[in-house]
Protein chains: 2
Amino acid sequence: MAKRVSHRHSMCGVARPLDAIGDWWSLLIVRDAFDGLRRFGEFQKSLGLAKNILSARLRNLLAHGIMETVPAADGSPYQEYVLTEKGRGLFPLLVALRQWGEDFFFEPDEAHVLLVDRKNGLPVRRLELRAQDGRIVGAEDTMVRLPSA
Amino acid sequence: MAKRVSHRHSMCGVARPLDAIGDWWSLLIVRDAFDGLRRFGEFQKSLGLAKNILSARLRNLLAHGIMETVPAADGSPYQEYVLTEKGRGLFPLLVALRQWGEDFFFEPDEAHVLLVDRKNGLPVRRLELRAQDGRIVGAEDTMVRLPSA
DNA sequence: AGACCATGGTTTCAAACTGAAACCATGCGA
DNA sequence: TCGCATGGTTTCAGTTTGAAACCATGGTCT
């Protein structure tokens with residue numbers, strides 16, 4: 001479970017997060033958690049994955065501090081799985097994924113789930129990346145700089 | 001390769017993109033492609049993955065229209081792999097991943113690669129998600145709305 | 001108490017996937 | 001012609017996946 005990328009360059013800033021998340025199922029679990037799901041059974045029903053797999057993925061998310069268990073909530077003798085701060089930090093990633101999906105995986109007229117502002121129900125804008133001076137920048141406008149200097 | 005999530009609800013707006021990407025390796029390939037890598041050998045050296053796996057992942061990325069092959073460039077008799085429009089659309093996702101990594105996987109003083117503005121070498125800002133009215137919104141401020149209405 | 005059931009897992013086992021290494025193919029240049 | 005660089009494919013053992021069966025705990029009903 002821990003040896004997916006044998007950190008050859010001690011794992012770059014993209015590989016390390018990927019390794020922590022684990023796999024796609026984990027990300028779908030996190031998404032469901034953002035949607036308010038908390039119980040083992042809820043995740044299982046929502047995602048339709050095998051219980052052993054769900055169990056392993058939750059364990060991994062706990063181990064990486066992305067989710068944590070809390071004793072109960074409604075008095076039932078079970079525990080619930082909730083996002084940690086670190087887990088909630090995945091929100092922009094999920095939004096990016098969703099917006100990419102909207103752009104390239106749905107016909108213009110095809111109905112799809114929409115991420116909307118709670119305040120007024122209007123769809124949110126696109127994610128935007130800005131430079132220090134406030135310009136919106138894309139891939140072409142940026143580059144990675146090594147730790148160095 | 002195509003049956004990772006047996007689209008139970010015909011696959012939501014998050015699962016469908018995930019399915020197309022394939023796996024973590026694919027995302028690392030895309031990241032390398034953003035960094036200018038184009039050749040089979042370059043990807044293999046950079047990522048250190050087995051050639052058969054790289055071959056399979058590239059095939060998958062091609063099949064999903066995320067990358068495409070172009071005849072040559074420097075006259076060599078080989079093809080190069082470049083991002084399509086769809087592939088370039090993954091930029092925000094990679095940025096999200098990178099920023100999450102910066103937040104939770106590096107010590108404050110630990111050196112790490114930085115995404116900078118080409119124009120002036122300054123680090124870019126954080127990704128931001130805004131509502132229609134311009135407010136910056138987080139997970140708590142949003143919800144998903146079903147196709148319905 | 002005893003039977004039953006809901007929830008949340010673990011175990012088992014066959015099939016699929018992964019990845020290291022060996023092999024193959026093509027197009028050079030010496 | 002030989003040798004080599006590049007870009008793959010094939011082979012095969014080891015790992016992972018996932019469906020199904022099983023197990024455990026605690027509550028409910030009678």
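Treat the numbers as computed from the prediction; the structure is a model and nothing was measured. Letters A, B, ... are given to chains in the order of the sequence lines, protein chains preceding strands, and every chain is numbered from 1.
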Rounded distance (Å) that lies between atom C1' of D/dA20 and atom CG of A/L49: 15 Å

Which label fits B/W24 and A/W24: parallel for a plane angle under 30°, tilted from 30 to 60°, or perpendicular past 60°? perpendicular

Could you tell me how far apart B/K45 (NZ) and D/dA5 (P) are, to the nearest whole angstrom? 14 Å

Grab the CG-C1' distance between B/L54 and C/dT18 for me, whole Å please. 14 Å

Quick check for you: to the nearest 0.5 Å, what is the distance between B/R39 atom CZ and B/Y78 atom OH? 7.5 Å

Can you tell me how far P of C/dC17 sits from CH2 of B/W24, to the nearest Å? 18 Å

Please list, pair by pair, any protein nitrogen or oxygen found under 3.5 Å from a nitrogen or oxygen in nucleotides 7-11 of chain D.
from  : atom 1 : to    : atom 2 : distance (Å)
D/dG7 : OP1    : B/R39 : NE     : 2.5
D/dG7 : OP1    : B/R39 : NH2    : 3.0
D/dG7 : OP2    : B/G41 : N      : 3.1
D/dG8 : OP1    : B/Q79 : NE2    : 3.4
D/dG8 : OP2    : B/Y81 : OH     : 2.8
D/dG8 : N7     : B/K51 : NZ     : 2.6
D/dG8 : O6     : B/K51 : NZ     : 2.6
D/dT9 : OP2    : B/S55 : OG     : 2.4
D/dT9 : OP2    : B/R59 : NH1    : 3.3

Distance, rounded to the nearest Å, where B/I53 contributes CD1 and D/dT16 contributes C1': 13 Å

Are B/Y81 and B/V70 connected, step by step, through hydrophobic side chains (Ile, Leu, Val, Met, Phe, Trp, Tyr) whose heavy atoms are closer than 4.5 Å? no

Please find the pair of heavy atoms, one from B/P92 and one from A/A96, that lie closest to each other, and give the distance. C-CB, 4.0 Å

Do the numbers put A/R16 on top of the ring of B/F106, so that NZ or CZ is under 6.0 Å from the six-membered ring centre and no more than 45° off the axis? yes

To the nearest Å, how far apart are B/L47 CG and C/dA20 C1'? 16 Å

Output for pair (B/I29 CD1, B/F34 CZ), nearest 0.5 Å, gives 13.5 Å

Using only side-chain N and O atoms of B/W25, determine if any of them is under 4.0 Å from OP1 or OP2 of C/dG19. yes

